[in-house]
Amino acid sequence: MKLRYAMVCSSNQNRSMEAHSLLKRHGFEVSSYGTGQHVKLPGPSLREPNVYDFGTPYKQMFDDLRRKDPDLYKRNGILPMLKRNSSVKLAPQRWQNNASDGWFDVVFSFEEKVFDMVLEDLHNREHALMKSVLVINLEVKDNHEEAAVGAKLTFDLCQELEAAESWEDTIDDIVAAFERQHRRKLLYSISFY
């Protein structure tokens, strides 16, 4: 079965893009998004984040931060992350503005707040197709190391979903086996397009 996947985090920078990158390299049909109002990246202090609009190219963010403080943003991993992101797609996209991208079979989020926002958005859309979509939350801390672990776990789960005859019939068993094997709890829900 060939499924369409969406990876969603807050700013479409770290967790969703790490998973997007890995799945894309393995030939999955995948897109990624953020649910925040703006794209936020760490700044020189917690009170001074770098804020960009969705749609601002990753390359532009990279150039901006490299100009501001190349040592800081290289040391904290932001420049390498933006370089990776620009090799995957042009710019961060906002989930709530993605209707023209069509439907997805499976949507992954990486924090419960984002999971809730995705479900709320799907609930508020017109359900013209009555096509089911599986929404899964795998809780992942927003740092580079955990994003890599989360991407690998997401990849493993996608392989299980692809191997299933019908995820609708086997999702409970797939989730239970995943939780046992990886000792990580998943939230999941079914919505419709």
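- Counting Ile, Leu, Val, Met, Phe, Trp and Tyr side chains that sit under 4.5 Å apart, directly or through other members, Y33 shares a hydrophobic cluster with V8, W95, W103, F104, V107, V114, F115, V118, L119, L122, L129, V133, V135, L187, Y193.
- A pairwise comparison of heavy atoms in R94 and T35 identifies NH2-O, 3.8 Å as the closest pair.
- Of the inter-residue distances, the one linking L157 atom CG with F108 atom CZ reads 4.0 Å to the nearest 0.5 angstrom.
- Side-chain heavy atoms closer than 4.5 Å link hydrophobic residues (I, L, V, M, F, W, Y) into clusters, and following such links, even through other members, never connects M117 to F192.
- The shortest heavy-atom contact between S32 and S16 is CB-O, 4.0 Å.
- Residues P92 and Q13 have side chains in contact (heavy-atom distance under 4.5 Å, counting atoms from C-beta outward).
- Atom CG of L153 is separated from atom CD of E146 by 9.0 Å, given to the nearest 0.5 angstrom.
- Side chains of C9 and D142 form no contact here, defined as non-hydrogen atoms less than 4.5 Å apart.
- Within a 6.0 Å sphere centred on NZ of K40, other residues, nucleotides and ligands contribute 12 heavy atoms or fewer.
- The side chain to side chain donor-acceptor pair (under 3.5 Å) test applied to E48 returns S45, not counting sequence neighbours.
- The shortest distance between side-chain heavy atoms of N137 and E139 falls below 4.5 Å.
- H123 is linked by a ring pair (Phe, Tyr, Trp, His ring centres under 6.0 Å) to nothing, counting only residues two or more places apart in sequence or in another chain.
- Of the possible donor and acceptor atoms, none in the side chain of S21 sits under 3.5 Å from a partner among the backbone N and O of E18.
- Panel note: side chain H20, backbone N85; no donor-acceptor pair is recorded below 3.5 Å.
- For D53 (side chain) and T56 (main-chain N/O), no donor-acceptor pair under 3.5 Å exists by modelled atom type.
- Note that CD of Q181 and CZ of R183 are 10.0 Å apart. Values are rounded to the nearest 0.5 Å.
- Among all heavy-atom pairs drawn from P42 and N50, the shortest one is O-ND2, 2.9 Å.
- When side chains are defined from C-beta on, E165 does not count as touching T170, because their heavy atoms never get closer than 4.5 Å.
- With sequence neighbours excluded, no residue forms a ring pair (Phe, Tyr, Trp, His ring centres under 6.0 Å) with H127.
- Applying the salt bridge (Lys or Arg N to Asp or Glu O under 4.0 Å) test to every pair with at least one member in residues 118-135, sequence neighbours left out, gives these pairs: D105-K131, D121-R125.
- In plain terms, the two heavy atoms of R184 and E179 that are nearest each other are O-CG, 3.1 Å.
- Under a 3.5 Å cut-off, the side chain of R15 and the backbone N or O of G150 do not form any donor-acceptor pair.
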Next item on the list: Start with the C-alpha distance between Q159 and D156, add both sets of side-chain angles, then the distance that settles side chain to side chain contact (heavy atoms under 4.5 Å, CB included), and finish with yes or no.
Entry: CA-CA 5 Å; Q159 288 182 304; D156 291 348; 3.9 Å; yes
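- Residues K24 and Y5 form no side-chain contact, since every pair of their non-hydrogen atoms from C-beta on lies 4.5 Å or further apart.
- Closest of all the heavy-atom pairs between W167 and S132 is CZ2-OG, 3.7 Å.
- Under the 4.5 Å side-chain contact rule for hydrophobic residues, L138 and L134 share a cluster.
- Classified by interplanar angle (parallel below 30°, tilted 30° to 60°, perpendicular above 60°), the ring pair F155/H26 is tilted.
- In summary, D64 and K68 engage in a salt bridge, as defined by a charged side-chain N under 4.0 Å from a carboxylate O.
- Proximity of L161 to I136: side-chain heavy atoms (C-beta onward) are separated by under 4.5 Å at one or more points.
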Next item on the list: Could you walk me through whether T154 and F110 pass side chain to side chain contact (heavy atoms under 4.5 Å, CB included), step by step?
Entry: CA-CA 10 Å; T154 301; F110 300 99; 3.3 Å; yes
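- Scanning both residues, N12 and A91, for their nearest heavy atoms gives OD1-O, 4.4 Å.
- Between atom OG of residue S31 and atom CG of residue L23 there is a gap of 11.0 Å, rounded to the nearest 0.5 Å.
- The aromatic rings of F178 and H182 lie tilted to each other, with the angle between the two planes from 30° to 60°.
- Other residues sharing the hydrophobic cluster of V39, ordered by chain and number and joined by side-chain separations under 4.5 Å: M17, L41, Y52, F54, Y58, M61, F62, L65, L72, Y73, I78, L79, M81, L82, V88.
- In K141, the NZ atom is not crowded: 12 or fewer heavy atoms of neighbouring residues, nucleotides or ligands sit closer than 6.0 Å.
- Between the CD1 atom in I174 and the OH atom in Y188 there is a gap of 10.0 Å [rounded to 0.5 Å].
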Next item on the list: Run the numbers on E29 and L3 for side chain to side chain contact (heavy atoms under 4.5 Å, CB included), then give the verdict.
Entry: CA-CA 7 Å; E29 188 174 343; L3 301 172; over 6 Å; no
